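Read the numbers this way: they start at 1 and go in the same order the structure lists the ligands and their atoms. Since we're looking at a predicted model, the values are computed, not measured. In this chain, numbering begins with 1 at the start of the sequence shown. When reading the values below, keep in mind they use all heavy atoms of this one structure, side chains included, and skip hydrogens, waters and symmetry mates.
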Amino acid sequence: MEVLEAIKTRRSIRKYKTTPVDDKTLGLILEAARWAPSWGNTQCWRFVVVSDDDIKSRLADTLNATNPVRDAMRQAPLVIVACAELGESGYKGGELVTDKDEWFMFDVALAMQNLILAAHSLGLGTVHTGLFDAKKAADIVELPQGYCVVEMTPLGYPDQVRDPRPRKEFSEIVFYNRFGVKASS
Ligand SMILES: Cc1cc2nc3c(=O)[nH]c(=O)nc-3n(C[C@H](O)[C@H](O)[C@H](O)COP(=O)(O)O)c2cc1C
């Protein structure tokens with residue numbers, strides 16, 4: 001699938017078939033994540049691929065009861081837990097070098113968006129999931145000290161077709177030369 005088409009046709013998928021994802025397909029998807037750019041090429045991301053039903057179910061329980069991804073995590077054959085090694089992204093010689101201390105979030109997001117678009121191009125569904133207890137999820141996947149869980153996604157074949165969600169108009173989000181200056185018509 002062509003990149004712009006993948007970007008425009010991807011949807012957040014919250015219902016999954018139980019059809020397994022084969023290792024070759026999973027490998028292609030993880031490869032897309034691996035090729036994301038990162039701060040100083042530090043590649044702080046780590047991915048835990050969860051297929052164990054008990055672990056998936058415990059991860060699902062870290063989501064609030066009203067989070068629609070909760071059931072999806074149990075349905076989908078796989079859950080990807082995206083983690084970050086801390087103290088790498090945004091640091092030089094052990095020192096923070098900008099006013100922001102969370103560049104690891106940015107790097108993991110780039111990798112996960114690559115993963116999600118690659119999955120979509122291969123007919124698979126995903127949904128970025130951020131509303132959950134990340135500390136509990138870290139315990140469940142036995143994350144060592146110095147790492148944190150950033151986000152999760154179910155990964156599997158979609159069992160729903162979704163209409164696009166609305167997007168803001170360019171006039172609300174794009175400015176020229178100075179913030180707030182819109183295109184002249
Ligand atoms: C960082 C992030 C966290 C998100 N967390 C959740 C979540 O916890 N539960 C959920 O149902 N959707 C979650 N979403 C999905 C958004 O609701 C979804 O991307 C948005 O409504 C646009 O829909 P679309 O992805 O189908 O274009 C999250 C998306 C992002 C980018």
Side-chain angles (χ1 to χ4, degrees), residues 1-18 21 29-30 32-33 36-39 43-50 55-86 89-90 100-141 143 147-174:
M1 191 184 283
E2 199 258 325
V3 174
L4 288 179
E5 187 194 349
I7 289 169
K8 281 198 85 170
T9 58
R10 179 210 55 83
R11 304 280 176 268
S12 289
I13 298 299
R14 299 182 179 86
K15 288 191 194 320
Y16 291 85
K17 297 178 180 159
T18 54
V21 178
I29 291 166
L30 292 169
S38 61
W39 181 284
Q43 305 166 63
C44 70
W45 47 66
R46 304 289 184 273
F47 308 99
V48 183
V49 180
V50 179
I55 301 178
K56 274 197 295 151
S57 179
R58 288 166 57 209
L59 288 172
D61 287 341
T62 67
L63 276 63
N64 184 291
T66 56
N67 194 325
V69 185
R70 201 175 150 110
D71 289 341
M73 286 212 173
R74 292 193 172 86
Q75 286 167 352
L78 298 174
V79 170
I80 309 288
V81 184
C83 312
E85 183 175 13
L86 303 172
S89 184
K100 298 177 190 68
D101 61 2
E102 299 213 321
W103 282 107
F104 69 89
M105 298 286 287
F106 190 93
D107 288 354
V108 172
L110 292 173
M112 284 300 282
Q113 185 65 5
N114 270 15
L115 180 150
I116 272 170
L117 289 174
H120 172 55
S121 78
L122 296 166
L124 286 148
T126 55
V127 48
H128 286 288
T129 304
L131 185 56
F132 64 98
D133 186 330
K135 291 208 168 72
K136 276 191 192 154
D139 286 344
I140 293 166
V141 299
L143 212 59
Y147 293 79
C148 74
V149 172
V150 175
E151 73 151 305
M152 304 196 277
T153 180
L155 177 67
Y157 290 92
D159 200 17
Q160 66 179 164
V161 176
R162 305 212 55 213
D163 290 332
R165 303 240 21 231
R167 293 301 197 256
K168 291 182 178 171
E169 297 300 331
F170 281 161
S171 59
E172 290 178 83
I173 61 170
V174 181

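Around CZ of Phe106, the count of heavy atoms belonging to other residues, nucleotides or ligands within 6.0 Å does not exceed 12. Enclosure of atom CD in Glu2 by more than 12 non-hydrogen atoms of other residues, nucleotides or ligands within 6.0 angstrom is indicated.
In plain terms, the two heavy atoms of Met73 and Pro154 that are nearest each other are CG-CG, 4.2 Å. Between Ala111 and Phe47, the closest heavy-atom pair is CB-CZ, 3.9 Å. Listed here is the closest heavy atom pair of Tyr16 and Gln75: N-OE1, 2.9 Å. In terms of heavy-atom proximity, Trp39 sits nearest to Asp107 at N-OD2, 3.0 Å. For the residue pair His120 and Arg10, the shortest heavy atom distance occurs at NE2-N, 3.4 Å.
Using a 4.0 Å cutoff on heavy atoms, Arg10 counts as a contact of ligand 1.
In this structure, atom 1 (C) of ligand 1 lies nearest to the protein heavy atom His128 CB, 4.7 Å. For atom 18 (C) of ligand 1, the nearest protein heavy atom (residue, atom name, distance) is Ser12 OG, 3.5 Å. The protein atom (non-hydrogen) at minimum distance from atom 9 (N) of ligand 1 is Asn67 OD1, 2.9 Å.
Contact annotation for Arg167 and ligand 1: only side-chain heavy atoms (C-beta onward) come within less than 4.0 Å of the ligand.
Checked by distance only, ligand 1 and Thr129 stay at 3.5 Å or farther apart across all their nitrogen or oxygen atoms.
Shown in contact with Leu131 at under 4.0 Å from a heavy atom are these atoms of ligand 1, numbered in order with element: 8 (O). When each atom of ligand 1 is checked for a heavy atom of Val69 under 4.0 Å away, the hits are 9 (N), 10 (C), 11 (O).
Nearest residue to atom 5 (N) of ligand 1 from Gly130, Pro68, Ala72 is Gly130 (criterion: closest heavy atom). Taking only non-hydrogen atoms, the option from Arg162, Arg165, Arg11, Arg14 nearest to atom 15 (C) of ligand 1 is Arg14.
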